[in-house]
Amino acid sequence: MKSLVIVESPTKTKTLKKYLPKDYVIDSSMGHIRDLPASAKEIPSKYKKEDWSNLGVNVDKGFEPLYVIPASKKKVVKNLKKLLKQSDELILATDEDREGEAISWHLTELLKPDVPVKRMVFREITKEAIEQALENFRDIDMNLVNAQEARRIIDRLAGYTVSPLLWKKIAPKLSAGRVQSVAVRFLVDRERERMKFRSARYWDLKAKLHKQDDEYIFEADLTHLDGKRLASGKDFDENTGKLKKPKSVVLLDDKKASQLRDDLDQAEWKVSNVEKNRQKRNPSPAFITSTLQQEANRKLGFSAKQTMGVAQKLYENGYITYMRTDSARLSGQAINAARTAVEKEYGKEYLFDRVRNYGGGSKGAQEAHEAIRPAGSSFRKPEDAGLSGAQFRLYDMIWKRTIATQMAQAELEFTNVTIEAKANGKTAEFRTSGKEIIFPGFFRAYVEGSDDPEAALENQENYLPGMSEGEEVIEDGVEPISHETKPPARFTEASLVKELEKQGIGRPSTYATIISTIQDRGYVEADGKTLIPTFTAFAVTELLEKNLEDLVDSDFTSDMENKLDKIAQGELDIETYLSSYFNGEEGLKAKVEKQEEKIDPQEAKHLHLPLQDLDDIQVFVGRFGPYIKKQVNGEELTTSIPVSWKPSDLTAEKLEELIKTEEEGPKSIGDHPESGEPIFVLNGRYGPYVQVGEVTEDNKKPKRASLLKGMSPEDVDLELALKLLELPRSLGNHPDTGKEIKAGVGRYGPFVVHDGTFASLKRSDNVLDIELDRAVELLSEKKKKSNRKSAAIKELGEHPEDGKKVRVMDGRYGPYIKHGKKNYSLSDDVDPEAVTMEDAIKLITEKAK
DNA sequence: CAGTGAGCGAGCTTCCGCTTGACTT
């Protein structure tokens, strides 16, 4: 008897093969094999005329979905059909969650088996688990399949009815969805808080102290003055920068702080209180997808996408368990392996006396897989695993975190000491605290990273000499310290994934793509690790908040999950649910239709940013990017916001300035000494530039030149403008060859050129006043390189996505990155020695676009 | 490159969740 077993992932087929009888044929579906049509070209022609064809769901007839096989899956289906013909039995072993159940159902629908069909489920691939699964087949759970279908249809209806509204009202190709719109709103909301934020400055004192019989100097901070608490960051209102309760705290400014320091000059310093307390710490749960992405981002600087690429490789090569999971649960096998490793590596005293297992993952977790951990029944030590580069670093982190779960608690002792300084009738209270690690426990293996640098200090020791109440200490100087309150930090990929997961939005398989999607749609730009929402993000979020609140509310997903649970329990009918969402007066369809009439496109493009004193300047997003508008003397003036500006860069002052240049018209800063034409400083889409003469009707383009980086329009005088317009300019002739050397600004920045050889200027050079000697120097540096053959500067390791080698090379035309056989030059302002794998990957993906 | 912020109009854009493709140097 031949059985065909279908799983979701090809890697699983390999491991599963070991535990299944020899005559079982195992193959994979590669995820879903059928779906609603993704685009117009996937809609079968016989449905194209239908009103609902674009949705792929017959909303007029019971929300019947139209399923198609995407081109990429045709081969898979054909192959599975062939294999099934040769089999006597079909065993569906897709994942044990909502999506997995649906995949099994789609497989039966497509393969139409005329042999017996069995559903097999297991949560770990071990001999016992598989043997048990083989004896406990069940049927496909149609309620669960219905729940998945409802989820799929809801997402489609929401996404494909609201997105077109955005095309009509704001800009084509925009998108909205249950997940992405909430993610974008998180970013926009945080940015609004930052824009409203008003910083405050306050001062305190830091005292250097030592014991009478001990030279060790420690520091203590002023916390109270004459019994009243000193103001610190949390006492200030974020939106005003003023104290929330001015009467209950003491606020020191620069002068008062210095005065107090002088007053304390003759003070007596005495320990007034010593408190000790011990605390125990438990290790974090084993990794799930979201926490792995966060830690790799914090500790290794990987993006979510990179992390998943590296993890995929580790998984395929049998180093780790499945990397897309929402459960922190460790199997019995894993716990044993971890405990064995702890004992071997750290000794028995580091082993936790009980088994520690963190069941239950996040909100809405489906727990089809266990935690991400080293594969197998005994863990390979990272150093002995034969890994390098990114794979080694990620595996090492996973190994340590897993081991740590079975390690003893860490024990810490905190000592808080209060010291009083009395002088001139004033009592100043200083505090200091020490931290001692009594027993490191799991700290030996693993300490969780943090987005907050202050919290990262948590696990460091902080020595403090022993002191007792009443003891006198000696002052070694007191210094006023100024502090500034900071706005809430922008999201990073790590903190966004954390927030999404906390709200139960998105799934392990989608966190990385959510971030890509919102970037691709132009809602977000990454600046290093931070994610910054664009003007478009503000416009879209505003429109949704005002008109379709559900879609930007994270409660929508939790509400949907509750309904899906009911469907999965057989307590709610799928059509009833979908109809209540889509039809009726309060349904999505009617709402969108109503908004389509109601919303004025011009008003939808009008941003309401939390800016103060805007004085009727209005901000819009338009076809050519963001622009501003103001009525001046009955006339409507508009002008572009330069492309490099972010929403949070806007201030009333800067916008006034833009309007002013527009209002005054092109303002001449003088006439060209030769032609006599006026020279203007103008503001264009790419920022400020200078122009000679007016634009005439006859299509002739006037001479123009952009301002250089860091130049401000009001600083441009005639002399500077002429210099800019002169580029490329001649520097004279090369002393050796007699040929001319020119300086100019090109696509890759300022350069000098001689006899067809270009050399980029360094950051410290200025193209406007660079002299011949310096140009010769730059060119000869370049020449030295050109006489050499390319040489490797640094090996970076393997690219996480394709495993090809990445290295930094020094070539004839300057340093470049070599990725497989492709080369990418580095710009001159980066230090080739300091290039990291992360930089290289960024460059490669950018250039590949 | 760069100034504008409108409109002709066929056919298209868009969602979320599963999973990894590989024609040749």
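Per chain, numbering begins at 1; letters A, B, ... match sequence-line order.
In the model, A:S175 has a side-chain atom that pairs as donor or acceptor with a side-chain atom of A:Q180 under 3.5 Å. Checking A:D520 against A:S516 by side-chain atom types alone, no donor-acceptor pair falls below 3.5 Å.
Comparing B:dT13, B:dT4, B:dC16 by their closest approach to the side chain of A:P172 singles out B:dT13. Candidate nucleotides B:dC16, B:dT20, B:dT14 were compared by shortest atom distance to the side chain of A:D35, and B:dC16 ranks first.
For B:dT20, the OP1/OP2 oxygens have a side-chain nitrogen or oxygen of A:Q312 closer than 4.0 Å. OP1 and OP2 of B:dG17 both lie 4.0 Å or more from every side-chain N or O belonging to A:Q148. The phosphate of B:dC15 has neither OP1 nor OP2 within less than 4.0 Å of any side-chain N or O from A:T161. OP1 or OP2 of B:dT20 sits under 4.0 Å from a side-chain N or O of A:T11. Contact annotation: A:Q602 does not reach the phosphate of B:dG5 (side-chain N/O to OP1 or OP2, under 4.0 Å).
Nucleotide B:dC18 holds its C1' atom 8 Å from the CZ atom of A:R324, rounded to whole Å. For the pair A:R507 CZ and B:dC18 P, the interatomic distance rounds to 5 Å; values are reported in whole Å.
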With a cut-off of 3.5 Å and sequence neighbours excluded, list every side-chain donor-acceptor pair involving residues 66-78 of chain A.
| from | atom 1 | to | atom 2 | distance (Å) |
| --- | --- | --- | --- | --- |
| A:Y67 | OH | A:E149 | OE2 | 2.6 |
| A:K73 | NZ | A:M30 | O | 3.0 |
| A:K73 | NZ | A:H32 | O | 2.7 |

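Among the heavy atoms of the strands lying under 4.0 Å from A:K75 are primed sugar atoms or P, OP1, OP2 only; no base atom is included. Using a 4.0 Å heavy-atom cutoff across all strands shown, A:S9 reaches sugar-phosphate atoms only and no base atom. Within 4.0 Å (heavy atoms only), A:P164 reaches at least one base atom of the nucleic acid. Nucleic acid contact for A:G177: sugar-phosphate only, since backbone atoms but no base atoms lie under 4.0 Å from a heavy atom of the residue. Nucleic acid contact for A:S28: none, since no nucleic acid atom lies under 4.0 Å from a heavy atom of the residue. Base engagement by A:R151 is indicated by at least one non-hydrogen atom pair under 4.0 Å involving a base atom. Counting non-hydrogen atoms under 4.0 angstrom, A:A40 reaches the backbone sugars and phosphates but no base. Using a 4.0 Å heavy-atom distance criterion, A:T638 is classed as a base contact.
Residue side chain A:S640 does not reach the base of B:dA2 through any donor-acceptor N/O pair under 3.5 Å, judged by distance alone.
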Pairing of DNA chain B as dot-bracket, 5' to 3': ( ) intra-strand, [ ] crossing, | other strand, . unpaired, with Watson-Crick or G-U pairs under 3.5 Å? .........................
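Residue ring and nucleobase are stacked for A:W167 and B:dT13, with a centre distance beneath 5.5 angstrom and an angle between planes beneath 30°. Stacking of the aromatic ring of A:F624 onto the base of B:dG5 is not found under the criterion of centres within 5.5 Å and planes under 30°. By the 5.5 Å and 30° criteria, A:Y689 is stacked with the base of B:dA2.
Under a cutoff of 6.0 Å and an axis angle of 45°, A:R521 and A:Y523 do not form a cation-pi pair.
Residues of residues 92-107 of chain A that place a heavy atom closer than 4.0 Å to DNA chain B, in numerical order, are A:D95, A:E99.
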